[in-house]
Amino acid sequence: MLRIAPRLPLALLLAGAPLAAQSNLERVVNGELTPSHDYDLVHQRIELRNFDWDSTSFDGRVTSTLVALRPSLDSVVLDMGRTLEVRSVTPSRGFERPGDSLLVRLARPAAFGDTVRFTVDYHGRIRQGYGLYFFKADGRPHRPQQVYSGGGTDGNPRWLPTWGGPADKTTWELIATVPKGLTVVSNGRLVSDRPAPGGMHTTHWRQEKPASTYLISLAVAPFVKIADRWRRVPVDYYVYPEDSALARPLFHRTPDMMETYSRLTGVPYPWNKYAQATVADFVGGMENVSATTLVDWLPDRHAYQDRPWYLETLIPHELAHQWFGNLVTAENWANYWLNEGMAEFMPGQYWGVKRGPHAEQDYYLSEYRQYLTLDARRRMPLATYNSNNVYPKGALVMEMLKTQLGPERFWASIRRYLTRHAYGAATTDDLRQAVLDATGQSLAWFWSQWMYSAGYPEFAVTAAYDSTAGALTLTVKQTQVDTATADSTGVRYATPLAFRAPIAIRVGTTKGDVVRRVTIDRREQTVRVEGLPAAPTMVAFDDDNAVVKTLAFDQPTPWLATLLERHPHLWQRAWAIDQLGARTSDSLAGAALAQAARGADYYLTRAEAAAALARFPEAVSLPALEVAARDTSAQVREAAVSALGGLGGSRALGVASEAWRADSSPRVRASALLALARLGAPNAREAVLHGLDAPSYRDAIRNAAIAAIVQRPDSGLVAALARQTGAEPLPAVALAALTARGDSAARRALLGAIDDDREWVRGWALEALEDQLDAPAAVALLREAQPTLRRERARAAVTEALGRLQRAPS
Ligand SMILES: [Zn+2]
């Protein structure tokens, strides 16, 4: 699964017992959290019909086949949401419904190894978004009628009786009867699609290889299918008819990704087809086995220069799950990183193969920044229940392992892991075992510090050059502290005071470089780099960026300038830019950044250098930013235009105006619009009004216009904002934010939106109001609105919102 914005994982519905107070994380992660049950689920036949979009309900009939794993088994417990209304279980001696479970009393006791089969007939009434998502065609553009399952941690047991734990794999078939005109997409092979009475048709899919039930999928919408192929495997893209022209440019790389992943892992794509279906208001993506579900945000042709997350990360992430998560599954959710960390790791490998080492470093640099942000919120190990860092730290740890083993040994280990546990489950230590068997490396220290411990080394380094000896002595300290306290369950995560870090130190001189490889493993140690042919001009600590770390190393500006200019690794360059960017009164620092912004050989370095120049004097920064604003990369232009917006002056204004008028990238234009507003340009107001109406991928331009209005509102702009409340949620959020600041025009517009003809506009307005106003102000506004509301449904929604607000703690 991948969420739109990186977020902390939600509470995992399907987990076993809560994590008890413990000190031995390794033991708990490797099996103790795996819930037990008395049978092996082997097949489920899932029949669904009578979908009703008004009552968000359906009828279900699920026949489960399982094998008793206990003598005298007389009852079976399945996971099944309590709101599902069971009509009958046959054959059986009756059933009970404790909590979110279904207890079936078997017709006769089963012996160990006996096969048992029973059918559950039920009526499923769904609270929107709990298990299933129903959308009526309500007149909104790009929002056809549909119903789909959330799957994953959203919980398939909320809509069907099954075993929810990931370790027990089963086959299944899904047979859904829906109105003609709607297409059913599910896992596995299409068995049949036949007309049914009453203008309906019945589609039958069969998942023939065992998989975990959290990967069962249902997606029903008026899809068109765009067919592609990898080797002999059908690769299909299911999109709304109006998106059909956008689908192939977006998804056409999928077969090449399948080929690349098959080659890298040594394990061919393991399922008999791959479908990607797009649906409304989805969290992001969910890797349902052989039938991934994705949000319906297909980039248009202008958006590709802005490196859309959808293509760069989402598609290759969900595809990677077909190996990591779907073929080999985390045995329990304390090992969730084996699914998510590996899936987050793989896109960087794909882009590395396709675009070279800078693209690979670029990908993990972004993961590194995400990880540091999450770690600052709460420091947790990778392999633990509900870890907050399974995505970025998982990706980074795998990249570290690959750097330390080298690609040959790394991929041999991955192949061992995937083949040994294929169609089964694994724990964190199973991956260590696979590395041991494939390479002879036990790596207990690596697993201990990176999987089971929290934090990362924080290095503080000083250097002293001895010109007579031709040696540079580095004093390396690890300054991380272990201050975490136990949480309410008694768990306390430890941060090692001394990480083991095999690193290289490169000392550059005018007469050549000297590289020294050392293992740092103490709180403080000195490293002497000898044989320097001349005085150092550059020092790269951890030359290959082999270790996730932070680095405090106060270097002379010329060293940093050389590092930025010469070093091939993007982490080293980004670190140098950070250091140089803080030296705003140092002209050499400014010159180094200006040179990088103009001419570095990779776009990210140019963009980061341009962003850092914003804080430098105009004489240093302006000429470089003017050049960067004409860069071939939209990311560099965006950074330059944004930096110019902070700089001011007529030349900056000229560049921003030109970018707003003529740039082909939506994000550069959005950045230019904000710069014009910030600089108080004479045409800014007109540009903002125009921007409110300008269509762009994911509303980049409109959202910039809205941000500009919130910063400097007037009644005309607020009126224009009010006309946009049907387009997306942000205009209502802006109106609510302005209302909270006492803007009376915004308040009137927000009241109007609460009584709008369109249901979704009313919903967005109420949500924005509850979000942006404090409870007493929101209550006052809703009470004022109540008597004037023309619509029954609006009155009901307002009454509901008042109930929520008055219950909320103040
Ligand atoms: Zn994922």
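Both counts, for ligands and for their atoms, begin at 1 and track the order of listing.
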- Steps toward ring-ring contact (aromatic ring centres under 6.0 Å, His included) verdict (W333, Y214): CA-CA 12 Å; W333 297 125; Y214 75 92; 5.1 Å; yes
- Can you label the angle between the H358 ring and the Y602 ring as parallel, tilted or perpendicular, going by 30° and 60°? tilted
- Item | Lys/Arg-Asp/Glu bridge criterion (N-O < 4.0 Å) met for D256, K354 | yes
- Is there a donor-acceptor pair closer than 3.5 Å between any side-chain N or O of Y148 and the backbone N or O of A221? no
- Here the Zn ion (ligand 1) sees protein N, O or S atoms within less than 2.8 Å, and their number is 5
- Message: Using modelled atom types and a 3.5 Å cut-off, is there a donor and acceptor pairing between side-chain atoms of E340 and backbone atoms of M1?
- Response: yes
- Sequence neighbours excluded, the answer for side-chain hydrogen bond (donor to acceptor under 3.5 Å, both in side chains) partners of Y274 is T292
